[in-house]
Every structure is written in C-alpha cells, then in structure tokens.
Amino acid sequence: MNHRSATQLRPALRLAAPDTADALAERLRPELLAALTDRFGLPEEMVETLTGPGGAALRAALEADPEAFLLRAAETGDPVIARAVWRARYRIAPDRTRRARDLPDLLPAILRAADTTDPRWEAEDGLLPLLQEEAGRMELLPVLTGPFPQLISFTLVQVARFLPMPVALDACIALVQLAGAKGLLAFADGVERIEDFDLGRPELLDLMREAAADDDPESFLRERRPAGEWTDPDALRALMMLREGSHPGPRPAALDWELVRREHARLPFETEPSHGYGRHNGNRLLQLTRWEGCPDDLVMECFRASPWTTARVAAELPFEALVGPEAAAGKVPFDDALGRGLRTGRLPVDRLLAEVTPAVEVLGSLPYDHEPTRKALAGLLDRLGTDPVNWLTCYARMGRARGSVAELIDDAASAASRQKRNTSWPRPLEAVFPATPPEASRAAFLNLFQCASEEAQIAVVPHFDARAVQHLLVYGDPAPAVREAVIAAHGVAAQAAQAATPSLSPERLAYLLDLDEPRVDANLFFHCRIDQQERVRMLAGRLRGGGTRPVPDELLHVLRETNLGHYRHWLIAGLDSGDLGVARTLIGRLKLRIPAARLRLLVAVWQRGGPDAVREILALDRLPVTLRRQTEKLLDLPDGLDRLRARLAAEEDPEKLLEFLNKAPGYDGSQPHKLTGDGIPLPWPELIVAYRSGSLPPSVAQDLAERTDCPRELLLALLPNTPEVDRYSTAWPQLALRNGTLTPEDILTHAAPARRALSHLRHALNSAEQKPDRQQLHTQAATLTATHLGPDPEAWAVALQLLPTFAGTLPELCATAAAITRPTA
C-alpha cells in the first residue's frame, strides 16, 4: 500500500459490510495508522494508543473530525500527548498552512485534565515551556484560571494591560489558590523588578499587595470582583481579539455592551487605520461596529474618525451619521448604508426621504425592492400627479438639487417656483447600441419613476427621450399597459433599442422575436444571446409568424460588422439560406475551407434564386477557379442543379469527411472544428464505427469527446481509455457527467483504468456543479463489491493493492481480486 492508494482506504471501508470493514481495517492496520498519522499530525505510536485495539476503532478514527479527535486526546491528561496535540494544530490547518487552526477549546481541555504533580509538564521538552515560547496572547487566555501558577504569572505579564479588572481578579484568585499569598507578593515584586516594564495596571499590583497582607487573600479578592461581569469565555475572547486587531467573528450572545463601553473608556479602542498587513487591522473600534446592537455613541465615534469605512462596515448606522457634516461633504457611501438600515428598520424611511441630502444620491441608493420604501416614495410622488411638466421639471432639477427627496418633489410640483419649468425632456440623448445602464440622474429618475402610479407613468412616457425609453424597457420593469404606451408613443425605435442587450428575459425575448421587425431582429442578432437556430431562421428570411421574405438590409449590415474572430458561426448560420444578399456577404467575408461548405452555399442559392443568382456569386471571384468553372458548365444544363447536388452529396459522404479528419499530418485537434466551423455536421454514426474498428485515431476521438453534442455511444466506447482527472482543466468525462450524457454508473462500470475511474467518481461527488445521487451511487458500488469481494477481507486487501496499477474497470478489478483469493470459486 503506497501513499497514493492509501487515499482509497476510506471509500473501501465505507462500502464493505461492518464486520468485513472491521476485519479489513485490522488487516491493513499499518497502512491505516500511517494515514491517520498524516490526518491528525500525531506520531504513529501515539495514534495507535489513542485509537485502541480493533478494526472498528481504526475505522472510527478515520471518519472522526480532526478537531474532535484532538480534543479527546487532550482529555487524557498525558503531558506527552498534550504537547503533541498542541503542535498538531498546525497539521490540521487548512492546506497545511503554517498558521495554527483556531481551536479555542483545546488548551482548556488540556488544563482540565492535567495532573500538575507530573514533572513532564515543566520539563524542557514539556508543554509549559512550549506555551511560553510560541503561544500567542489569545491562546494563553485559558491559563489565567488554569492549574499552573507559573503560566498564570507569565500570561498576566503579557495580557494584564488588556484585561478587564474582573478577569484580572479571577487570575489573581487562581494564583492565590495555587501559590498562596506568597505567590501574589512574588508576582508583584517580580514585575516591579523588571527594568523598563510597565504592566499597564498599577492598581492591580496594589490590590495584589493588599490581598497578600489580608488574613484571607482569596475572600479579599472575591469581595472586589464584580459579580457576573466578563464571565463568558466567548465574550472575553472576542474582546481580546478586538484588542489584537483581529476580526472577532459573530457577536457573542452574552456580550454586555455596557461592559464594552467601560473597557473602551478605560483603554480606548484604536480608530486609526493600520498601515500594515490586513485591512482595518488598526481600527479596533471599527470591528465593534460590525456587530448588531453596537451602541450609537461607539458607532459615531468610529464614524467621525473614519466615516467612509464605518458607513460601509457598520451593521447599523445611526440616522445622525446621514445628516451630519460628513454626509454633507460626501464622505458617506449611501449605497451601502441606506439599504442596510432600511431593511433592518434602523432608519425611518419617512425621515430619510425628508432630511437626508442630496436627493440624487439618496434616490440612487434606496432599496427599491423594499416595499415600505416604495410605498413611502409613491406617497411623495402623488404630489407630481399625472402632469408631465412636473415630472420633466423634477428630472431637470434632480442633478443640481442639494435638498432632500421630499424637497425636490415639492419644488418640482410647485407652479409658483421662479425657476424654469420644463415642458420637454432636458438635454435629450439617442439610444446606444448596445444598451448601457443608466447612471447618476438618469438612474435615480428611472428608479423613482417606477414607484409612481401606472396612470402617471402612462402620461409621462410619451415625453421621454430615446435614451430614457431604452433604459425603461431594458433595465426597468414596466407594467404591460406602460410598455404599450411607450411603444405607441415611440414606435419601432423603442423596440429596437430594447433589443440591444444580452440581458433579456425569455418572455421579453419571445415578444421581440415575434415582431419579425428587421431593426429589432438585427439588434437581437448582434447584441443578444439568441439561439443559433434563431440566427439560421433570420438569415433564411423565415418569419416567426409564417412565410418568408428577402433578408433585410439591417441584418446584412450586421453580418458585415460581425467579428469573425469570435462569431464566425453567426455567418455560418446563413450557409443554407439561399438568400442572395446573405450569400454575397458570406462569400465576401469568409474563406470557406471545406469543399462541401462551398457547394452547400451554391446549391442553396440555386434553389432559391436560380442560375442567375449563382452567376452573381461566381462573379465575385471568391471561390476556387476549378469550382467556378465546373459550376458555370452546369448553369445552362436542365439537370444542372441535380448534378450540383450530387457533387455536394459526394463531398458530404461520411467516408470523405473521415478522410479529412485523419489526413492532416501531426494532428493538432482542429479538424473537427474546421468541419463544424464551416457548417458541416459531423457524421457521428460513422465516427463511432470508425473508432471501434480502429480507423479513427484516439487523439481525434478524445477531441470529439469534449464536444457537447458528442453522442453517448461514442463516450461509452471511449471510457476504457479514461484520461486522468486534471486539476487545471476539465477532462471530457467530467464534461459528459455535467451535461448528463454520462452517469456516475457509467463511470463505475465502464471506465478504465480503475484508479482513474475512482478519481472521476470522487471528483463528481465533490463537485459543486455535478450532484449525482450519492445514495444511489453508494448502493450500486456496494452491490458491485459485495458480489465479487463479499465478506472476505483478504479479497478487499488484494483489490486495494491492485488498484494503483490495474488496467481494467472497477468491476474487473473486484473480479480479479476475488479470483486471486478464491481461485477455485
């Protein structure tokens, strides 16, 4: 068993029946111990001690969560195991990084189980020296109430400055319990003897001396320890993480904000941004604002120091921040703050619309899918009514308005204003192709407009400029009656502008396609992600409503402008059109590489336009001389078209296409693409026969397998030569599984070699894109292994030994292993 096949131990043990799995685990004990050693980062002999005898214990360890296993090991109370477990934090870290995994319960478990009389804890290679050497301040917090007085003293020196007084007193109480009054006094004297060192808590040293002089030091300290304060380990840990400049994670449930306030008053959390590693690491107060319920005074203190960042980060931004000088100076990103505050109910929508400025930025940041916000806006917009002048005036003044949304609307609705009132769209713009999203005042107006009543919208849309019409149809969601009013007022130009985007819903796309309008079709063809068959239909002149027409100039213009490097297939969609304009454009722009493609174009033109249309194409002098001469001879013959069709059939003969796929020396994988790139369908039935007969090179077959239209029959034929799972690109079995052309059962039963089949199954099970039925696959695999390997652990062991080099399928592997162990069966 090598390190590669060891990774297959777990699936084998899961598939076998429990008794068989236990026996197999015991049979493979050395290999399992090696795997567990690597998994937990502990010495092999220690893993064996911790797991205990029997295969069942080994199997349980293999399935155990590494953190839970280390915690159980920590509870043994063995100093050697404790030290190894502490070091193993690095081994179970994600990706084996040098950074230790955060296991806050690990050291407390070690300390609870420790027998302090065992000298190995304090030996040179023991855990205590190791903790003093490498543990960080956060990790050392549990030792403050642990069983080792020297560790308590060491940690107090490190962290006393940052500890709330109740926690520091808890450490002093623990020190008294372990070392008595002399221990307290020795600590105070020792700190004062350290040159150039300030504990940061002189009151703590004074309290220690007073307690040491008292008849009952422990009671003395307990009387001065505020009851119930900082008793939750999670809250203390979060506080210390803030002091360290780390993100403390979710807010602890037991956090007392008043206690946090006191700590901030005693030792203020920094508000200056860090210039070192990590964003906002220096701004300790900023981390607090991430938690819901953070008091307004703390949020505002952080906001005044760093308004932009606080507005983006704070879970709840007080209303005061939105109307203060920082907001007026543009230092508040409304797009983050308003939506978050309105959705949580923290910000009152009526006050926000009435007081927060400027209106255009507020309107650009509101959550328009938030019903209370839409309702409040609709109430304000009733003041504008259905008078287009009010709406046009509102839009015209929006960009320069410095007041609130309510003030902007009141101003626009007031006929007594001295400012100019607009009767037409100010600074009108044409639509753009492709469509681009609205910005600034246009975006704000579009959002505001869609909160108005349907009657108001119908009254105003005839006065929109072309760009506003496009924005409403493409990026808005007008009601059917409003859309009809837009089309009635602005005509086909509005529909053509709407078609100039890839972001159309299926319903809107179907509506536009059904119009059969040349300008609309041209924009859909050029700007929208329509199906290739729709492009074929358009270039053939077939109408969705029935009938045909000559392909309009608008579509021909699109063909002339298409980027051939990316969208050659758009032009190939017109290969069988027969429309003279389409054929002329194709011949002028494309170099058709396959003889069959040239003949298909000529046959289609002849069928639709007769011999004279073919003469026009030949006169362009873009086809090979021989083809032109041969075709010219046919144009005056009664059966000329039939002869041209016969030549096309000969060129499209599967044997001829197979010859093309195989003919290029030094095959580079492009031959199938050259055929399909010229509109020639691949002869799949013949390709399958050729592969099975050995006349289709494997390299060609592998390239064909990567195509989404590759038939299942060919994929199944290719499975006995399954490629490796590639971590940098997607191998064809994974593509086929994703497309549903192959199933996991196909891989299980047909793929070879067996090791690769297993790799592909594991990859599919772990893939976010592919979600096969795990239980069904497990049942199938269990049935397969039970049929061949049964309850014989020796057969299972042989199968695992054969797996790395076995050339056959997984069923063949199991059958071979059974034959080796039971040759007479």
Side-chain angles (χ1 to χ4, degrees), residues 532 535-542 548 550-551 555-556 559-560 562 564 568-665 667-668 670-687 690 695-696 700:
Q532 180 74 351
R535 300 186 194 280
V536 171
R537 178 190 64 79
M538 289 180 183
L539 295 184
R542 296 196 303 272
T548 60
V551 176
L555 272 171
L556 296 179
L559 289 184
R560 290 191 288 269
T562 296
L564 296 182
R568 176 186 173 92
H569 64 286
W570 290 6
L571 274 73
I572 290 298
L575 191 66
D576 293 320
S577 162
D579 181 89
L580 187 56
V582 172
R584 188 184 292 114
T585 304
L586 263 62
I587 286 293
R589 297 208 64 200
L590 295 181
K591 182 179 181 180
L592 297 174
R593 298 161 292 196
I594 310 300
R598 304 168 192 145
L599 287 168
R600 284 181 65 185
L601 182 141
L602 292 174
V603 167
V605 170
W606 195 332
Q607 289 176 160
R608 184 162 181 168
D612 290 340
V614 177
R615 287 189 178 92
E616 286 194 39
I617 298 301
L618 298 178
L620 296 174
D621 198 20
R622 293 281 296 175
L623 294 173
V625 174
T626 301
L627 176 61
R628 292 205 314 270
R629 291 175 178 172
Q630 291 174 345
T631 306
E632 286 169 350
K633 293 178 181 179
L634 301 177
L635 293 177
D636 293 323
L637 297 179
D639 60 347
L641 177 57
D642 291 335
R643 294 190 182 191
L644 195 62
R645 286 176 178 148
R647 289 181 55 198
L648 171 60
E651 288 293 339
E652 288 187 330
D653 182 82
E655 292 299 324
K656 186 106 176 182
L657 298 180
L658 286 174
E659 179 185 346
F660 172 80
L661 289 173
N662 293 330
K663 72 179 181 180
Y667 176 78
D668 62 0
S670 64
Q671 272 71 7
H673 176 70
K674 287 179 180 177
L675 280 180
T676 57
D678 272 7
I680 307 301
L682 292 172
W684 289 114
E686 290 77 11
L687 287 169
S695 59
L696 185 69
V700 177

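By convention here, the first residue in the shown sequence is residue 1.
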Less than 3.5 Å apart, which donor and acceptor atoms pair up between the side chains of residues 680-687 and the rest of the protein, not counting sequence neighbours?
none

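- Legend: residues meeting salt bridge (charged side-chain N to carboxylate O under 4.0 Å, His left out) with K656, ordered by chain and number and at least two apart, are E651.
- Screening residues 607-620 for side-chain hydrogen bond (donor to acceptor under 3.5 Å, both in side chains), with sequence neighbours left out, gives R584-E616, Q607-R645, D612-R615, R615-D636.
- Of the possible donor and acceptor atoms, none in the side chain of R535 sits under 3.5 Å from a partner among the backbone N and O of W570.
- T585 contributes no side-chain N or O that, together with a main-chain N or O of L556, makes up a donor-acceptor pair within less than 3.5 Å.
- The side-chain hydrogen bond (donor to acceptor under 3.5 Å, both in side chains) test applied to Q532 returns no partner, not counting sequence neighbours.
- Applying the side-chain hydrogen bond (donor to acceptor under 3.5 Å, both in side chains) rule to S695 yields the partners S693; only residues at least two apart in sequence or on another chain are considered.
- The side-chain contact (heavy atoms from CB on, under 4.5 Å) test applied to P550 returns D579, not counting sequence neighbours.
- In this view, E655 and D653, L658 satisfy the side-chain contact (heavy atoms from CB on, under 4.5 Å) rule, not counting sequence neighbours.
- Residues passing the side-chain contact (heavy atoms from CB on, under 4.5 Å) test with A583 are L601, V605, I617, sequence neighbours excluded.
- Remark: R542 pairs with no residue by the salt bridge (charged side-chain N to carboxylate O under 4.0 Å, His left out) rule, at least two apart or across chains.
- The stretch residues 586-596 participates, sequence neighbours left out, in these salt bridge (Lys or Arg N to Asp or Glu O under 4.0 Å) pairs: R593-D678.
- In terms of the salt bridge (charged side-chain N to carboxylate O under 4.0 Å, His left out) criterion, residue partners of R600 (sequence neighbours excluded) are, by chain and number, D576, E652.
- When the ring pair (Phe, Tyr, Trp, His ring centres under 6.0 Å) test is applied to W606, no partner is found at least two apart in sequence or on another chain.
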